[in-house]
Amino acid sequence: MLSTKQNKLMAVLTKRGFIFPSFEIYGGVSGFYDYGDLGTKLKRKVQNIWYNLFVAEENAFEIDTRTILPKPVLQASGHLEKFTDPVVQCQKCRGVFRADHIIQDKLGIIVEGFPAEELDKIIKKNDLRCPKCSSHLSKVTEFNLLFKTFIGPEQKEREAFLRPETCQGHFLLFKRLFQLNGNKLPLFVAQIGRSYRNEISPRGGLIRLREFDQMELEIFVDPEKKTHPNFKKYEKVKLKVKPLDSEEKEVTCKESVEGGIVSHELMGYSLAKSKVFFREIGVPEKHIRFIELSKDERPFYALETWDTQIWSETFGWVEVTANNDRGAHDLESHMRGSGEKLTVRNEEGEEFIPHVIEMSYGLDRPIYCLLESVFVENDGRNWSYLKLNGKVAPIEVAVLPVVNKEEMVKKSLGIYNKLRKKFNVKHLTGYVGKNYAKMDEIGVLYCVTVDGETFKNNTVTIRDRDSRKQVRVGVDELNQILEDLVSGKKNFEEL
RNA sequence: GCGGCCGUAGUCUAGCCUGGUCUAGGACGUCAGCCUGCCACGCUGAGGACCCGGGUUCAAAUCCCGGCGGCCGCACCA
């Protein structure tokens, strides 16, 4: 259901330059959005918070791998087989089958490479039914989740695809990185980058994109040692969890591990960190939960999956992070596909394939969910504003003269230029009331106003976005005070 | 992808049914000037639109077809 809130938010975001529909002047294409100035700044700030938590704190290797993958890579990973085939779905039991397989099995004719319409005709003509329950089948649809291209001249053997997830890069580099890690596990590898999925029909703005950013941390571990040296630091984090076989409940990270809700320490750790990340960027705690996926729901490679979900008024619970235990799947399949040996030995000399624990974050979705949860549609005067915290707000401070008089503008510009060294700050002239409203709308936390008194005693006022209250402070202490406020060290009320 | 609804400035909208008076009207926003000493203020002025392509017609924002895009439902979303 389309809510007016989402409509209003998207309108504000476009109007103020956070995001724009891509290729708009050519009519646009669904599933693609560009980020404008404010959106890009917001995105970078969210990325940085992730970086601090998942790269810096984890002491992870950071990599930047290619977005184009040659066909054999995706053949090995299983993506190609899963997502470029014609499929039909049983209308009764909901089973999904490969259309070409059904035809081949029942009729014995080879139909590889036939277009979906041909397969559809054959199925209709021969009245082929669901192999499980013999009910009618849906129309044949082509799964084209991978964007296809060619390396070099267009020829079948050089087919390539845009990566559907960044982590294939981690797996492909495993051998090298393991060596650089002193042949030791665990090995932490992180990457922030683009991925592409050719969704059949993306909807919902930033929720389902065809080109999107991911932030992924893959931890290669000994399957016997799915633990984390830093576990203690996060064991007390409270988690709202919904396990497969029981009701939603709140437990600490430690309890989730000890109570067997998650199957090992690293999974508990992943969830706790996820909670901390989303809390930091400003998602209300009650809007964050973790849900275990059943075998049918989770990706084909996963042994265990816990999605982090954020509550959206418009879309309900939205998946923003997949915390996966990928087991040995990836290294095993790339070992098979490439012929390279990707096993390691433990201290006892036993050879094994490392398991992969994955924390896979989207960037665009969390940003949308965040924006929706901090969007105040009406503050009581029919103004809307974004209640972003200082860590993510694209612009933290604005400076404005109370009236558009030359000497006042000169003064406020001076203050603006000083503040620019430390903050993302805007300078505005014109009618103050309107400017406050404009700044509220893009999430600016504090407005510094130059007025008549500034000339008498060198003071200015700081206006707090959320309370709209103002306090008067000396120009000399402005920098320090703003820094404390923006970083969250001080509350506005304490001033 | 299938079915339903829809597409007029940055936004909301009038006009469409019943083709001509539309050189497309209004409101908000934008910009400029004046005013203004604290919360989308007031006055004056400026700029800005019929989604794209084709057809019917003397004449198309208006009727018809196709495309693109949006929303809703179904499906899809490893």
Side-chain angles (χ1 to χ4, degrees), chain A residues 1-4 6-8 10-12 14-17 20-32 74 77-91 94 96 116-117 120 138-146 164-165 167 195 197-205 207-210 293 296-302 305 314-315 318-319 322 324 326 329 360 362 365 379-385 400-405 408 429-441 447-455 460-461 463-465 467-470 472:
Chain A
M1 194 187 305
L2 178 76
S3 76
T4 51
Q6 192 220 3
N7 256 345
K8 257 180 116 169
M10 290 303 274
V12 168
T14 306
K15 184 169 85 181
R16 296 292 174 206
F20 309 108
S22 303
F23 332 119
E24 196 181 11
I25 62 169
Y26 284 95
V29 180
S30 61
F32 292 94
L74 291 163
S77 71
H79 285 90
L80 199 59
E81 190 196 328
K82 289 267 172 180
F83 303 118
T84 54
D85 293 314
V87 295
V88 284
Q89 186 174 34
C90 172
Q91 309 207 316
R94 305 260 143 195
V96 174
E117 306 86 60
D120 209 40
S138 70
K139 254 189 135 173
V140 177
T141 46
E142 193 81 46
F143 262 60
N144 260 333
L145 217 62
L146 299 173
E165 53 182 12
C167 60
S195 290
R197 289 174 202 180
N198 199 0
E199 301 281 357
I200 296 167
S201 137
R203 276 178 202 171
I207 292 294
R208 267 177 77 200
L209 297 175
R210 287 176 163 138
L293 299 191
D296 293 340
E297 294 164 323
R298 66 185 177 236
F300 61 92
Y301 47 70
T305 297
T314 313
F315 300 103
V318 175
E319 171 202 336
N324 289 314
R326 298 179 73 123
H329 170 85
S360 171
R365 264 189 196 193
D379 70 344
R381 299 176 297 175
N382 214 18
W383 296 15
S384 67
Y385 70 104
L400 37 154
V402 75
V403 281
N404 208 354
K405 287 261 165 63
M408 226 175 243
T429 59
Y431 180 64
V432 252
K434 196 190 250 183
N435 286 335
Y436 288 147
K438 272 192 205 168
M439 293 300 96
D440 288 350
E441 202 170 56
C447 287
V448 173
T449 310
V450 172
D451 56 17
E453 279 200 56
T454 308
F455 294 93
V460 289
T461 59
R463 171 192 179 268
D464 175 52
R465 177 194 63 206
S467 65
R468 310 201 298 259
K469 289 192 180 122
Q470 284 176 296
R472 185 164 288 281

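Quick note on labels: first sequence line is chain A, next is B, and so on, each numbered from 1. Below, each value reflects all heavy atoms present in this structure, side chains not excepted, and no hydrogens, waters or symmetry copies.
No contact: A/Asp440 has no heavy atom under 4.0 Å from any strand. Contacts of A/Thr461 with the nucleic acid, taken as non-hydrogen atoms under 4.0 Å apart, include base atoms. Counting non-hydrogen atoms under 4.0 angstrom, A/Pro21 reaches nothing in the nucleic acid. Within 4.0 Å of A/Ser30, counting heavy atoms only, lie sugar-phosphate atoms of the nucleic acid but no base atom. Note on A/Val402: a base of the nucleic acid sits closer than 4.0 angstrom, heavy atoms only.
Partners of A/Arg208 according to the side chain to side chain donor-acceptor pair (under 3.5 Å) rule, which considers only residues two or more places apart in sequence or in another chain, are A/Glu199. Under the rule for a side chain to side chain contact (heavy atoms under 4.5 Å, CB included), the partners of A/Lys434 that lie at least two apart in sequence or sit in another chain are A/Tyr431. Qualifying side chain to side chain contact (heavy atoms under 4.5 Å, CB included) partners for A/Tyr301, counting only residues two or more places apart in sequence or in other chains: A/Glu165, A/Pro299, A/Asn324, A/Arg326, A/His329, A/Glu358. Shown here are the side chain to side chain contact (heavy atoms under 4.5 Å, CB included) partners of A/Val403, two or more places apart in sequence or in another chain: A/Lys405, A/Met408. A/Glu453 is linked by a side chain to side chain contact (heavy atoms under 4.5 Å, CB included) to A/Asp451, A/Asn457, A/Thr459, A/Arg472, counting only residues two or more places apart in sequence or in another chain.
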What pairs of nitrogen or oxygen atoms, one from the protein and one from nucleotides 4-13 of chain B, lie under 3.5 Å apart?
none

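In terms of phosphate contacts, A/Tyr436 brings no side-chain nitrogen or oxygen within less than 4.0 Å of OP1 or OP2 of B/rA40. For the pair A/Lys434 and B/rC39, the criterion of a side-chain N or O lying under 4.0 Å from OP1 or OP2 is not met.
Atom P of nucleotide B/rG29 and atom NZ of A/Lys8 are separated by 14 Å, given to the nearest angstrom. The CZ atom of A/Arg465 sits 18 Å away from the P atom of B/rA40 (whole-angstrom rounding). In this structure, A/Lys438 places its NZ atom 16 Å from P of B/rC28, rounding to the nearest Å. Taking atom CG of A/Asp451 as the reference point, atom C1' of B/rU36 lies 14 Å away to the nearest angstrom. As rounded to whole Å, 14 Å separates atom C1' of B/rA40 from atom CG of A/Leu400. Atom OH in A/Tyr431 sits about 19 Å away from atom P in B/rG33, given to the nearest Å. For A/Phe315 and B/rC76, the CZ to C1' distance is 16 Å, given to the nearest whole Å. When rounded to the nearest whole Å, the span between CG of A/Asn198 and P of B/rC77 equals 14 Å.
In the set B/rC38, B/rC39, B/rC77, B/rC77 carries the atom at the smallest distance from any side-chain atom of A/Arg208. Counting only heavy atoms from C-beta on, A/Glu441 has its side chain closest to B/rA40 among B/rC38, B/rC39, B/rA40. If you check B/rC38, B/rA40, B/rC39 against the side chain of A/Arg468, the one that comes closest is B/rC39.
A donor and an acceptor atom sit less than 3.5 Å apart, one in the side chain of A/Gln470 and one in the base of B/rC38. In this model, no side-chain donor or acceptor of A/Arg463 finds a partner on the base of B/rC38 within 3.5 Å.
Separation of the C1' atoms belonging to B/rG26 and B/rC65 is 33 Å when rounded to the nearest angstrom. B/rA46 and B/rG55 are spaced 38 Å apart, taking the P atom of each and rounding to whole Å. The P atoms of B/rC68 and B/rA24 are separated by 31 Å, rounded to the nearest whole Å. B/rG42 sits 28 Å from B/rA49 when the C1' atoms are compared, rounded to a whole Å. Rounded to whole Å, the separation between the C1' atoms of B/rC5 and B/rG20 comes to 30 Å. Spacing between B/rG70 and B/rU8 at atom P, rounded to whole Å, works out to 14 Å.
Using the Watson-Crick or G-U wobble rule with both distances under 3.5 Å, B/rC28 pairs with B/rG10. As the counterpart of B/rG66, B/rC52 is assigned, both hydrogen-bonding distances of the Watson-Crick or G-U wobble pattern falling under 3.5 Å. With both pairing distances under 3.5 Å, B/rC35 is matched to nothing as a Watson-Crick or G-U wobble pair.
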